[in-house]
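First the structure, in the form of structure tokens, and then the observations on it.
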Amino acid sequence: MKMRPLSCFILMSLAVLAAARPKAGPEQKCKSGPVDLVFLIDSSRSVRPHEFETMRKFMIDILSTLDIGLNTTRVGVVQYSSQVRTEFSLKSHGQLEAMVTGIHQIVPLAQGTMTGLAIRYVMSAFTAEEGDRPKVPNVVVIVTDGRPQDRVAEVAAEAREKGIEIYAVGVARADMASLRAMASPPFEDHVFLVESFDLIHQFGLQFQDKLCGVDLCLEAGHGCQHICQSSPGSFHCLCRPGHALQDDGKTCAAIDLCAEGKHDCEQVCVSSPGVFSCDCNKGFNLNEDEKTCTMIDYCSFGNHSCEHECVSELNGVRCRCSRGYRLLDDSRSCKAIDLCAEGKHDCEQVCVSSPGVFSCDCNKGFNLNEDEKTCTPIDLCAEGKHDCEQVCVSSPGVFSCDCNKGFKLNRDKKTCTNMDLCSSVQHGCEHQCVSAPGSYYCVCPDGQLLQDDGKSCGTCKSANIDLVLLIDGSKSVRPQNFELVKKFVNQVVDSLDVSAQGTRVGLVQYSSRVRTEFPLNMYHTADEIKAAVMKVDYMEKGTMTGLALKHMLETSFSESEGARPSGRNIPRIGLVFTDGRSQDDITEFAKKAKEAGITMYAVGVGKAVEDELREIASEPVEKHFYYTNDFTAISTIAENLKLNVCPEESQGEVEVKDPCACESLVEFQQATMSSLEQLTSKHILFTTETTVSSLSLSAMTARLEQLENQLLSRK
């Protein structure tokens, strides 16, 4: 801490003497040592102009008695009211004349009285940048005429802790309690209160004998308990090492570093004045760092009788068994834990025991699942590990063969014999009947399509529509499934009459953002659209379905994107394909899309949420939404999806067939038979139902499931 010499104030008293006493000769400057002095003067509106002039003269009279110079006494002036302003810093002037000129140029701020703000500000005046010198006492003289409008005690204490000696001079209306809160102790040497600015010179007159050359420590009654240290005109008390000065500034108390937590002992702190030492609790030894403790290792003495492991504890040992073993009642011996025998397992079939652990196994004909607990029958049929020609009937680890309806199992118990139903039943096909194993289907000549009755032929394929497909490109779809989505889109395109004047198709991909892959007016043939679809890059981020619906409504069906004017009554169709729950709200724009006359169709796969799909789909909902739990089945959706087939029949609606309806089963069956006919040349035989007229819906469904299983087993 810097010494607190008051040598500068010797000159204040001399200035007062010059005014109050006859001069006997030239003034003597106080030369008690260098000091860095800052005047902090109150220029609030309560200080009248003539009073501020008295304050100017007060500062100039004191400066006239000081030994001014950059190597002796440096002086700075700061004025304050509601704000604070440096008039000149400690390094600004090295001569008295320049300082006097600077004081005459001060213009009062004439605002409030923020003394606390000013004290905090003046602490920054005592920095090397502002001219403060190391090891030179810092002194502040505060002159004020009023009560502070902010708190001063805390900031003044902070300034004093930084080694700044504060003199508080109050005039007229000044508050004595505030002056004492600001000033350095002892208050009788640092607090002054005069009745008016005209009497401010009493500040120097009253204490001139204390400011220069008087060693107050030599005087009796300084009251310091340990050490008294003099400074010109004042003194302060110090304490011996290991002790701290108390708030009275005179008495000392031993510093207990243990009680104050200022130690780094791990366990026990032993205190002496200003120092400490470390110790350990019973059962521990102090380490070489004399701070940390280590428990005494009784096991190392070698006198224990533990079968497996010895564990040291406070004042003794205990025995512990290796993992998988249990300590016996003698507290020394160990026994293996048989969790299988104890029934502490969750194996579905077989438990295999090891000490303290177990593993699960399965009976013959079963495989252990990934949870390593449950078992699944080995389905040789599903795994394709059989040689049945048509139907494989599975039991755990074994199989037997059977045939589809209309076939007979041969003596080899593997192959089947077929019947030609086209020649044996009244098929009713308008153009041509094609036999399939155990069944038949009708076909039409080139340029015509099989109608919904599965027998007659027609030329109607698709009305003119504006179709925008929204496909989910989120990371949950995965790259291989995204390729299936693109094939699904191209299957839908194949069912449309695409042209500039006919059906127009636009594609939008969405994840955490939305991207138009191509608008309605970009491509005018199915081949161009399909080629563009296969080039679409997978986004692989979030699932913002609501944002995609907004984009479709506001952008995709705009005329600038190729949508035809609403006055032309061209149906607008929106098809949303998604595999999961939307991460944003879909309600608003799903509703707005339908209110705008857009027929909405929702297709969901995997973890898609049915409630969201129904909210997107137009009425009747059952005809406008479809769901499957497997991406590999979405091609079936495309085959059963009919967008505006024959406008005189559909009247502009999007028709989605109920996958459980008989007509849909027939149509899917016929498409499947077409594929099976191609596979027949490779000697892979399949079968499906007999004629629709002779079968019940339940029988047809059962046989169709067999067909689907055969198809999947050969993929």
Side-chain angles (χ1 to χ4, degrees), residues 1-10 32-38 119-120 122-123 126-127 132-142 151-168 177-192 207 209-265 268-279 290-291:
M1 179 183 291
K2 297 182 179 180
M3 295 178 63
R4 302 186 301 168
L6 305 179
S7 58
C8 54
F9 296 108
I10 297 174
S32 58
V35 65
D36 290 339
L37 168 66
V38 174
I119 294 173
R120 181 167 298 282
V122 85
M123 281 191 280
F126 293 108
T127 61
D132 180 53
R133 293 168 288 179
K135 299 182 180 180
V136 173
N138 296 153
V139 177
V140 173
V141 177
I142 303 174
R151 299 175 65 87
V152 297
E154 292 85 353
V155 69
E158 183 180 347
R160 294 193 299 269
E161 288 176 1
K162 292 180 179 294
I164 300 173
E165 188 171 9
I166 301 176
Y167 283 80
S178 298
L179 297 176
R180 291 172 65 89
M182 292 185 279
S184 298
F187 298 137
E188 57 268 22
D189 291 342
H190 294 83
V191 178
F192 302 89
F207 295 96
D209 293 336
K210 298 181 180 180
L211 299 179
C212 283
V214 179
D215 188 352
L216 297 180
C217 286
L218 299 178
E219 301 291 330
H222 57 71
C224 295
Q225 182 179 359
H226 284 184
I227 302 169
C228 177
Q229 185 175 69
S230 293
S231 58
S234 184
F235 71 92
H236 62 277
C237 299
L238 301 175
C239 295
R240 289 190 291 271
H243 296 75
L245 192 65
Q246 300 303 291
D247 292 339
D248 61 5
K250 296 181 179 182
T251 59
C252 299
I255 299 173
D256 187 345
L257 297 179
C258 292
E260 296 177 6
K262 298 178 179 178
H263 68 90
D264 51 1
C265 299
V268 180
C269 178
V270 181
S271 181
S272 297
V275 295
F276 68 90
S277 61
C278 298
D279 201 355
E290 297 186 352
K291 298 177 183 179

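Everything quoted here is computed from the prediction, not taken from an experiment.
Distance check: I142 CD1 to H190 NE2 gives 11.5 Å after rounding to the nearest 0.5 Å. Taking NE2 from H222 and SG from C237, the interatomic distance works out to 7.0 Å, rounded to the nearest 0.5 Å. The distance from the CZ atom of F276 to the CD1 atom of I255 is 13.0 Å, given to the nearest 0.5 Å.
Between F126 and V136 there is no side-chain heavy-atom pair separated by less than 4.5 Å. Two residues are said to be in side-chain contact when any heavy atoms from C-beta on lie closer than 4.5 Å; E290 and C278 fail this criterion. Side-chain contact check for K250 versus P186: every heavy-atom pair is 4.5 Å or farther apart. The closest side-chain heavy-atom distance from E158 to I119 is not below 4.5 Å. Looking at L245 and C252, their side chains come closer than 4.5 Å, going by heavy atoms from C-beta outward.
Nearest approach of A168 to A183, heavy atoms of both residues: CB-CB, 4.1 Å. Across all non-hydrogen atoms, the minimal contact from C265 to H263 is N-ND1, 3.1 Å. Between V152 and A181, the shortest heavy-atom distance links the atoms CG2-CB, 4.1 Å.
The aromatic rings of H243 and H226 sit perpendicular, their planes meeting at an angle over 60°, well past the 30° parallel limit.
Q246 places a side-chain N or O within 3.5 Å of a backbone atom of A244 that can act as its donor or acceptor partner. Of the possible polar contacts, one joining the S184 side chain to the I166 backbone as a donor-acceptor pair under 3.5 Å is found. Side chain of D36 to backbone of R133: a donor-acceptor contact under 3.5 angstrom is found. Judged purely by atom type and a 3.5 angstrom limit, R120 has no side-chain atom pairing as donor or acceptor with the backbone of A159.
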